[in-house]
Every structure is written in structure tokens, then in C-alpha cells.
Amino acid sequence: MEKNLAKTYDPKSFEERIYARWESKGAFKAYRDPEKKPYTIVMPPPNITGQLHMGHALDQTLQDVLIRWKRMQGFSALWLPGSDHASIATEVKVVEKIRDDEGKTKEELGREEFLKRAWEWKRIYGGLITQQVRKLGNSCDWDRERFTMDEGCNKAVIEFFVRLYERGLIYRGNRMINWCPVCGTSLSDAEVEHEDKNGLYWYFRYPATDGGAGIVVATSRPETMFGDVAIAVHPDDERYKALIGSFVKIPLTEREIPVIADTYPDREKGTGAVKITPAHDMNDFEVGERHNLDKPSCINEDATMNGLAGKYEGMDRFECRKAWVRDLAEAGYLVKTEEKVIPLGGCYRCNSAVEPMLSEQWFVSMKELAVPAIEAAKSGELAHVPDKFEKIYLHWLENIRDWCISRQLWWGHRIPAYYCEECEEMVVSALAPAECSKCGGAMRQDEDALDTWFSSALWPFSTLGWPEKTEDLEYFYPTDVLVTGYDIIFFWVVRMVFSALEATGELPFRYVFVHGLVRDGEGQKMSKSAGNGIDPLEIIDQFGADALRFMLTTGISPGNDMRFKTDRLEASRNFANKLWNASRFVIMNLLDDEGNFKEMAPESPETLNKLRDEDKWIISKVNEAALYVTSVLDKFELALAGQKVYEVIWNELCDWYIELVKGRLYGGSEEEKAVCRYVLVRVLKDVLKMLHPFMPFITEEIWGYLPKEGNSEEFLMLEPWPEHNEALNYEDEVKRIEMAMEAIRNIRNIRAEAEAPPSRKLRAVIYALGDDMECIKAGEEHIRSLANLSDIEFTGDKSNVPEEVMSAVMSRAEVFIPQGDLVDYRAEYDRLSKEKERLSGEIERIGGKLANAGFIGKAPEKIVNDEKEKLAKYKGMLEKVLERLDLAEKKL
RNA sequence: GGGGGCAUAGCUCAGUUGGUUAGAGCGCUUGCUCGACAAGCAAGAGGUCAUAGGUUCGAAUCCCAUUGUCCCCACCA
């Protein structure tokens with residue numbers, strides 16, 4: 001193996017190798033270590049039908065940053081991965097496959113054979129996504145990988161169902177549900193997506209049975225008229241008062257229905273009279289209940305019309321609508337039509353129009369379960385980050401309705417209810433009863449499966465062994481944080497919370513860390529149908545997983561959507577490249593010709609004594625960063641943390657420290673070099689650790705090339721997180737280096753302005769007094785080399801400054817470049833004028849503040865003193881600027 | 001119908017309990033093959049923080065209103 005890094009940063013050359021090593025050496029494994037505190041995250045399980053998309057990449061990277069950070073902090077960090085069986089999506093795929101391969105329907109195949117095919121499908125394709133997950137660098141404990149339909153999860157689901165049933169919180173009933181005719185199953189309310197669409201109101205006359213004019217009613221769904229059982233009007237509506245109690249006929253049929261009074265109709269809407277179809281409309285159902293009306297259905301489960309529709313029987317609902325409207329219009333019952341925006345419900349899986357239907361289904365009674373879940377958020381025991389999402393969570397729970405959990409599907413957890421073939425007996429039980437306890441008849445299990453989200457809701461504890469009291473459950477549960485997108489708070493977060501409180505008596509997690517959506521470059525939602533999705537695997541191939549991860553976790557604030565922009569990806573890749581090269585520089589200076597490490601000063605008080613200002617400066621900066629990064633990570637401010645590490649590495653380590661240290665490294669004594677090596681390695685190691693959660697691959701790869709101390713772990717990912725140390729804040733040294741930096745910047749500025757080529761060595765005169773002189777003089781060597789000067793003359797006497805000079809005013813000194821041929825008084829004058837403007841403005845602003853009695857009286861003392869100091873500083877600078885300006889003006 | 005978010009440089013976005021000369025990346029201008037790096041180095045230009053009020057000694061930050069924009073929820077007369 002080469003002893004130093006390759007010349008160019010090429011993530012493809014090491015990312016897969018490093019992941020394989022981590023995994024094979026068990027670096028991701030979490031142990032129940034009694035000496036450590038647990039830190040647990042369960043991964044939101046991706047669907048086995050899914051392809052890895054940017055949403056996963058974002059969601060999982062956030063989790064991996066947290067897990068890697070906590071692991072380094074010394075927690076026993078468990079990130080539990082898995083996948084979801086995705087009832088509807090998988091069943092649809094398997095049905096299609098059987099149709100294509102064998103030309104059969106699932107019914108022809110039968111339940112048992114179908115499930116065999118489904119498991120086979122899962123075996124072949126279900127692992128794809130977990131392979132893709134590895135490419136992101138995720139440090140999850142694959143030995144604990146779970147599947148929502150594995151044996152343990154199934155046991156948990158059945159157990160939970162039975163418990164809820166026994167508590168009276170699960171019931172079976174004939175109620176209004178959302179029906180997707182294409183998927184052929186019921187849906188929960190959360191699975192229906194509402195969308196406003198352009199549609200029509202048709203106004204039809206329902207003639208009175210006594211030959212009167214009858215009543216005109218508006219509807220957007222004429223095909224449901226066959227299921228009408230009444231016309232409702234508001235009891236106070238003067239227009240219809242007289243008609244209440246009379247009968248009208250459904251046009252073109254012989255069915256007579258009453259006109260009833262109910263407060264439900266809105267007098268402003270339509271004609272103020274509403275047709276009541278209890279089997280196909282939620283509100284109508286309730287009206288029907290209040291008035292004890294029949295609830296006839298006129299639409300079948302496959303969305304065709306049934307016998308009630310007479311000659312339209314067998315027609316599709318939308319075809320029927322067309323024919324029926326045409327016939328009514330021809331017969332003169334159509335009064336008018338009106339264009340209208342109509343909110344339509346669509347299936348969240350297949351997007352087809354959902355039909356509200358009356359159906360026999362299983363429900364979870366929500367009111368009681370919601371109470372503790374609401375309480376947990378209100379008391380602060382459950383915290384949303386950012387907290388604005390708590391409102392969404394609460395609003396949903398406070399308006400919750402019963403949850404329809406049965407699905408007319410085979411792929412899923414089969415409902416543990418058994419019906420006697422002989423009598424009416426029904427039993428809910430974890431174990432299949434051998435026979436009916438009442439009549440001894442044979443028992444038949446309910447045909448339906450449970451909503452996928454019913455099993456997802458148990459994920460934080462079913463995966464740890466519940467309902468058994470396993471050691472894992474004992475140690476790792478409750479989990480610490482749940483990371484997810486705001487789009488599935490309703491589907492998942494809410495349900496996990498009330499399920500966990502009910503099943504385990506504890507919250508499933510302390511924090512809900514919510515992130516936004518990854519949108520495309522134009523801000524559009526990425527979707528398969530729009531074809532604007534960006535494949536994370538392609539991005540990784542092109543830029544490396546580290547660049548993708550860094551891009552996804554920085555430059556955004558929690559909970560907000562982000563646009564996927566290639567330029568930010570490139571910037572992240574460039575940053576990785578920068579770190580790569582800086583590391584190459586460090587390693588290059590550590591190695592001798594044979595590729596062995598040269599002597600390095602040891603970690604000792606003697607070494608500490610040999611540190612120069614710049615060494616202490618960079619150590620202070622890194623130390624300061626450790627404090628900041630840790631504190632913002634504690635607040636889930638990942639972007640701020642990543643940004644800070646970026647700045648330390650690029651703007652402080654690379655831009656300054658490496659440049660400042662080159663003199664000693666190339667021309668210093670062996671002892672000095674050994675000290676430099678010590679500082680470089682120490683600082684590099686610390687920044688690698690801090691960057692590691694964000695960019696695990698490159699940091700681990702570089703780590704492998706660095707010299708290890710005796711007790712070091714094999715992997716960077718298992719090293720301890722850098723601790724802030726108050727003793728490492730070297731204030732005086734920092735001041736001296738920063739003053740040198742200010743001088744260097746000013747001289748470079750003059751150089752650029754005077755158009756002196758960078759290669760030309762200049763002379764400089766620096767004027768300062770007292771402590772300021774001491775301070776700036778300490779940086780002489782740095783100023784000379786980084787500003788490319790031939791020599792510097794320090795003076796405390798302005799009369800020593802030559803007349804033909806370019807000048808710059810610093811806060812505590814002045815620098816002069818006395819090369820006559822470079823002097824451009826016009827430029828000098830313009831720049832100084834600008835500087836004068838700026839300083840005068842500041843002085844005026846601060847002066848105003850300090851003249852304000854309110855400010856002096858009420859602002860904190862520190863703020864007032866800071867302002868006073870600033871004022872003095874600016875005044876001193878302005879004085880010098882005016883002096884130079886005066887000179888420049890005379891020369892013009 | 002109800003609720004929420006957002007509005008800061010040409011673009012994409014940070015700005016953590018109110019107090020710095022309001023920042024970054026990209027883009028733009030100018031100059032650089034000096035022994036880590038052109039995926040780079042150096043120096044710059046560019047913002048009345050949507051608008052109008054209010055609170056405060058002090059507002060990009062807190063409150064109210066307006067405008068624009070995006071989203072969520074809601075039983076399709």
C-alpha cells in the first residue's frame with residue numbers, strides 16, 4: 001500500500017472498500033454495554049418495492065450523522081435498519097407478475113400459492129434497497145435488520161391487535177370507508193389525497209309525486225342518484241318549508257323519496273336542497289343515521305353499477321354518469337349545469353378516484369388512544385424539532401376519526417378474527433381456535449389483511465422484541481429520536497406514538513426530528529410520473545457519497561424543503577478534494593524517503609512549551625470549533641455544525657495554518673519540524689473526527705494513513721469525539737496571529753491595487769506604538785513570507801515613513817509600501833475616501849447610540865463598553881485615514 | 001372553509017434565546033503554472049433583509065396588517 005494518498009481525490013477508489021471493512025469487522029454493531037448509555041434510532045423502513053430516492057438519502061444521512069456522532073461520544077449507538085412489506089404496492093406488483101408469467105389472477109391461484117409467489121418476490125427484490133442503502137455509508141447494525149412481516153413483527157402485530165380488541169378499542173362495523181376500485185381495497189382517511197379538479201354541478205328536477213313542480217337539486221355525481229333515499233332541506237329555509245314531509249320521485253325511476261328537514265344543508269350552496277345518498281357520501285350517511293333511513297348502495301366494488309341502477313347495471317360509474325345525464329336531459333329533468341371546482345379524493349397509491357362506500361370493515365377506535373398522545377406532546381415529553389410540527393401533529397390528533405385498518409389484500413398481516421361456519425360466533429385470538437366454542441363448528445379466518453401502517457406503528461418496539469421482555473428492549477428502548485419527513489407525520493409518527501403508549505406504556509422516542517422534501521432544481525416535487533427524480537446512486541457514482549451527504553446536510557435549516565442543485569454538490573465535492581490535498585500535504589511531511597514516519601514531538605508539557613503562536617492559534621480555533629459543533633448538534637442543527645467544520649478546515653487550517661507552517665517545515669530545525677508534525681497531525685485528527693459523521697468515507701480513508709497512538713481504535717468511526725478544553729484557548733497568541741493576518745491582507749490588497757505582480761518582492765514599513773508594536777512584530781516572519789516582502793521596517797516614528805508610499809490603515813497599526821513606481825495617488829485617494837466614508841458613517845452611528853441616554857441607561861454594560869471601544873477604534877483609524885488622505889490629495 | 005410555512009446579494013440558501021461593518025456556495029470582475037490542491041490561490045464588486053405600522057435604548061430577528069408565493073387539512077349538493 002502506498003504510504004501517502006493518491007494525487008487526486010477519487011471517492012470510487014475507496015468508498016466501497018471502506019464500507020466493506022466496517023461491515024465485516026463489525027464496526028456498526030451495537031452492544032448492550034452496561035458501562036455505556038444507549039442511543040437508539042430505528043430507521044424508517046423503506047418499502048421493499050422501492051428504489052432508493054433522494055428522500056431516503058436525506059432521511060438516512062441525517063440519521064447516520066446523529067448515530068455516528070453519538071457513537072463517537074461514547075454511547076452504545078444502535079441504528080436498526082429494516083424494510084416494509086408495503087401491502088398494496090407489493091400485492092399489485094406480484095399480481096402483475098403472476099398475470100404476465102402465468103396468465104392467472106390471484107383468485108385463480110388461491111391465497112396460499114399467491115403468498116408463496118409474494119414471498120419469493122420479496123426474497124429476490126426485497127433486498128435491493130438495503131444494498132443501495134449501504135452505498136450511502138450508513139452505519140446501521142445489519143445483524144439486527146428486520147422486516148415488517150417477519151415472524152417477530154407478525155407476533156407483535158397479532159398481539160397488539162388482540163389486546164386492542166380485548167380493550168374494546170378495535171371493532172368491526174358497517175360504516176363509510178374510502179374505497180379504491182382499482183386497488184380493490186378499503187383505505188384509511190390518511191391514504192386519500194384530496195385534489196381540486198374542474199368539474200360540473202348538474203341541476204336536476206325531482207318531480208313531486210302529486211304532480212307538483214317538485215324540487216331542484218345540484219349534484220356532481222349523478223350516478224349516485226340511484227342510491228338516493230331523501231332530499232334534505234334546511235328547516236328554516238322559506239323556499240322549501242312547505243315541501244317538508246312531501247314526496248318526490250327520483251327522475252326516470254319509480255322510486256319515491258321524502259323531503260326531510262335537517263340542519264345539514266347550506267342554504268347558500270347549490271339550490272339549498274341536497275339529495276341524500278347514505279351509502280356513497282360521508283355526510284349523507286350521518287343524515288341517514290339521524291333520520292333512520294335505508295342505506296342502499298348502487299355501485300359495486302369494481303366501480304360498476306349494480307341492479308339498483310336498472311338498465312345501467314354493469315356499466316362503469318363514469319360511463320353510467322354520461323348515459324344517465326344524457327337520458328335525464330332528453331327527458332327534460334336537467335335544469336342547468338354549472339362549472340365548478342370540486343375537491344376529489346384519490347388513492348395515494350394509484351391516484352384513481354376513491355369511492356366513499358358503506359362497507360363491513362375493522363376499525364381502531366381513536367378517541368381514547370389519542371388522549372395520551374396529545375398529552376405527551378403538550379407536556380413536552382415528546383418534542384418535535386423544529387417545534388412548528390407539533391401543531392400539525394396535535395391538530396391531526398385532536399380531529400382524529402376512527403382508523404379503518406382492514407384491507408382487502410392477501411399480502412400483509414392477516415386479521416386474527418375467526419368466524420364459525422355454522423353459527424354467528426366470532427372470535428379474535430392470537431391462536432387459531434380449533435372449533436367454535438359455542439357450537440363446535442369449523443372456524444374460518446377473516447380474509448382481510450391489516451393496513452401496512454398498523455405494523456409500521458409498532459416498529460420502534462416490535463423490532464426490539466416486544467411483546468417479549470427481551471434484553472434489547474430493556475436496554476435500547478425507548479429509542480431516542482425518530483427522523484422523518486413531514487409528509488408522513490400522520491401516517492406514521494402519530495400512530496407510533498399512540499401505539500407505543502398503549503403497548504409499552506412509554507413514548508417510542510423522545511424527539512421527532514422532522515425534515516423537508518428534496519425538490520428538483522426548479523423547486524418541483526420529485527416524482528416518478530413527472531420523471532424529474534434524481535437517482536442518488538448516479539450522484540454517488542459521479543461525486544461520491546460524501547459529497548452527496550455533505551450537500552444534503554448543510555446549507556439547509558431543519559424542516560425546510562431543499563432544492564437539489566448540482567452547484568452545491570460540486571462545492572461539497574471540491575471541499576472533499578481540498579481536505580484530501582491538505583491531508584496529502586500533512587502526510588507528505590510526516591514521511592521519510594523510505595515511507596516511514598519521521599520523528600514527531602510527543603504529547604507532553606515540553607512540546608507544549610515549544611509551540612509557536614500559529615500552533616496555538618490553530619489549536620485554539622479547532623478547540624473552539626469542537627465546542628460550537630457539539631452544541632449545535634445537541635440542538636439538531638446539523639447544517640450549522642457541518643458549515644463550521646468546513647470553515648475550520650478550509651479557511652483556517654488550509655488558508656492559514658498550512659501556509660504559516662511551511663517556513664518551519666521547509667527551513668526549520670529538526671526539532672521545529674517535529675513540533676510542526678505534532679500540531680499538524682493533532683489538528684488534522686480533530687477535524688477529521690468532527691467531519692466524520694458528515695463525510696465518513698474520506699475521513700476514514702485519510703485516517704488510515706495517519707500515525708496511530710498506542711490505544712487508538714482501528715477505525716476513525718470508533719474514535720472518541722473531540723472534547724472542548726478551556727485550557728486550550730490561547731488568547732494572546734490568537735491576537736498576535738490575527739494582527740499579522742490583518743497586515744498580510746492589507747499588503748496583499750495594496751499589491752493588487754498597485755498591480756504589483758505576486759512574484760515581485762516588496763518592502764514594507766509598519767508603524768505602531770507600544771503593545772501594538774510588540775504584537776505586530778511577533779508576526780514579522782509570517783508577514784514577510786505570506787505578503788512576499790523582501791524586508792519590513794518597524795517604526796514608532798512617522799517621520800521615518802518615506803513620502804512616496806501606498807498606505808493602509810489598520811486598527812492598531814499602519815502599513816506602508818514605499819516603492820515609488822507603484823504609487824498611484826488617484827487609487828490611493830479613492831480608496832481612502834471610501835474608507836473615510838465608511839468610518840465616518842460608523843462613528844456617526846455609534847456616536848448617536850452613545851449619545852442616547854436610553855441606550856446608556858438600559859443596554860447591558862458589556863454592549864455599551866463594546867460600542868465605546870469600537871468608537872475609539874474607529875476614531876483613531878479615521879484620524880489616520882484623514883492624514884493620509886490629506887497627503888494623497890496634495891500629490892494629485 | 002380552516003391551518004401553517006416562506007419572502008435576505010444575479011441564483012440557491014444560512015443567519016441558534018433582539019445588540020458584529022448582515023454571511024456562505026455558485027455566478028461575476030481582476031491578477032496568479034511561488035514545492036497539498038486550477039475541484040486551486042490572491043484581491044474585489046454586489047443587499048434601504050417583500051411593503052406599511054408597532055413594541056424596544058436597539059429589529060433581518062418580536063407583534064399587527066398588507067402583498068406575493070408554496071404547502072397541509074377539510075364529508076365530491
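Below, chains carry the letters A, B, ... as their sequence lines are ordered, and counting in each starts from 1. Worth saying up front: this structure is predicted, and the values here are computed from it rather than measured.
Between rG47(B) and rC28(B), the two C1' atoms lie 16 Å apart (nearest whole Å). The P atoms of rG19(B) and rA59(B) are separated by 11 Å, rounded to the nearest whole Å. The P atoms of rC72(B) and rG15(B) are separated by 23 Å, rounded to the nearest whole Å. Here the separation of rG3(B) from rU66(B), taken at their P atoms, is 13 Å to the nearest Å. Nucleotides rU30(B) and rA45(B) place their P atoms 15 Å apart, quoted to the nearest Å. Going from the C1' atom of rG1(B) to that of rG58(B) covers 42 Å, rounded to whole Å.
Here Ala571(A) lies in heavy-atom contact (under 4.0 Å) with sugar-phosphate atoms only. Lys644(A) comes within 4.0 angstrom of nothing in the nucleic acid, heavy atoms only. Residue-level contact check: Ser759(A) touches neither bases nor backbone, having no heavy atom under 4.0 Å from any strand.
A salt bridge is absent between Lys834(A) and Glu837(A): the closest approach of a Lys/Arg side-chain nitrogen to an acidic carboxylate oxygen does not fall below 4.0 angstrom. A salt bridge links Lys275(A) with Asp228(A); the closest basic N to acidic carboxylate O contact falls under 4.0 Å. At a threshold of 4.0 Å, the pair Arg221(A)-Glu355(A) counts as salt-bridged, since one of the basic side-chain nitrogens sits closer than that to a carboxylate oxygen. We find that Arg845(A) and Glu842(A) are joined by a salt bridge, their nearest charged nitrogen and carboxylate oxygen being less than 4.0 Å apart.
Side-chain nitrogen and oxygen atoms of Lys870(A) include at least one within less than 4.0 Å of the OP1 or OP2 phosphate oxygen of rU21(B). Neither OP1 nor OP2 of rA39(B) sits under 4.0 Å from any side-chain N or O of Trp650(A). The phosphate of rG3(B) has neither OP1 nor OP2 within less than 4.0 Å of any side-chain N or O from Lys388(A).
rA36(B): no Watson-Crick or G-U partner with both key distances under 3.5 Å is found in any strand. Pair assignment for rC28(B) gives rG44(B), based on Watson-Crick or G-U wobble hydrogen-bonding distances that are each under 3.5 Å. Nucleotide rA59(B): unpaired (no Watson-Crick or G-U wobble partner with both distances less than 3.5 Å). Pairing partner, rU69(B): rG5(B), with both Watson-Crick or wobble hydrogen-bond distances short of 3.5 Å. Across all strands shown, rG23(B) forms a Watson-Crick or G-U wobble pair with rC13(B), both key distances being under 3.5 Å.
The aromatic ring of Trp580(A) does not sit over the base of rA36(B), since the test of centres under 5.5 Å and planes under 30° is not met.
When each of Arg317(A) and Pro860(A) is assigned the nucleotide of RNA chain B bearing its nearest heavy atom, the one mapping closer to the 5' terminus is Pro860(A). Both Arg748(A) and Arg573(A) sit near RNA chain B, but only Arg573(A) has its closest nucleotide nearer the 5' end.
Of the candidates rG40(B), rU21(B), rC32(B), the closest approach to any side-chain atom of Arg845(A) belongs to rU21(B). Nearest nucleotide to the side chain of Lys391(A), out of rG19(B), rC37(B), rG5(B): rG5(B). Of the listed nucleotides (rA77(B), rA43(B), rU16(B)), rU16(B) has the atom at the smallest distance from the side chain of Leu640(A). Distance from the side chain of Asp196(A) is smallest for rA74(B) among the nucleotides rG25(B), rA74(B), rC76(B).
Of the possible polar contacts, one joining the Asn4(A) side chain to the Arg584(A) backbone as a donor-acceptor pair under 3.5 Å is found.
Rounded to a whole Å, the CZ atom of Phe564(A) is 17 Å from the C1' atom of rC11(B).
Checked against the 6.0 Å centroid criterion, the rings of Tyr348(A) and Phe491(A) qualify as a close aromatic pair.
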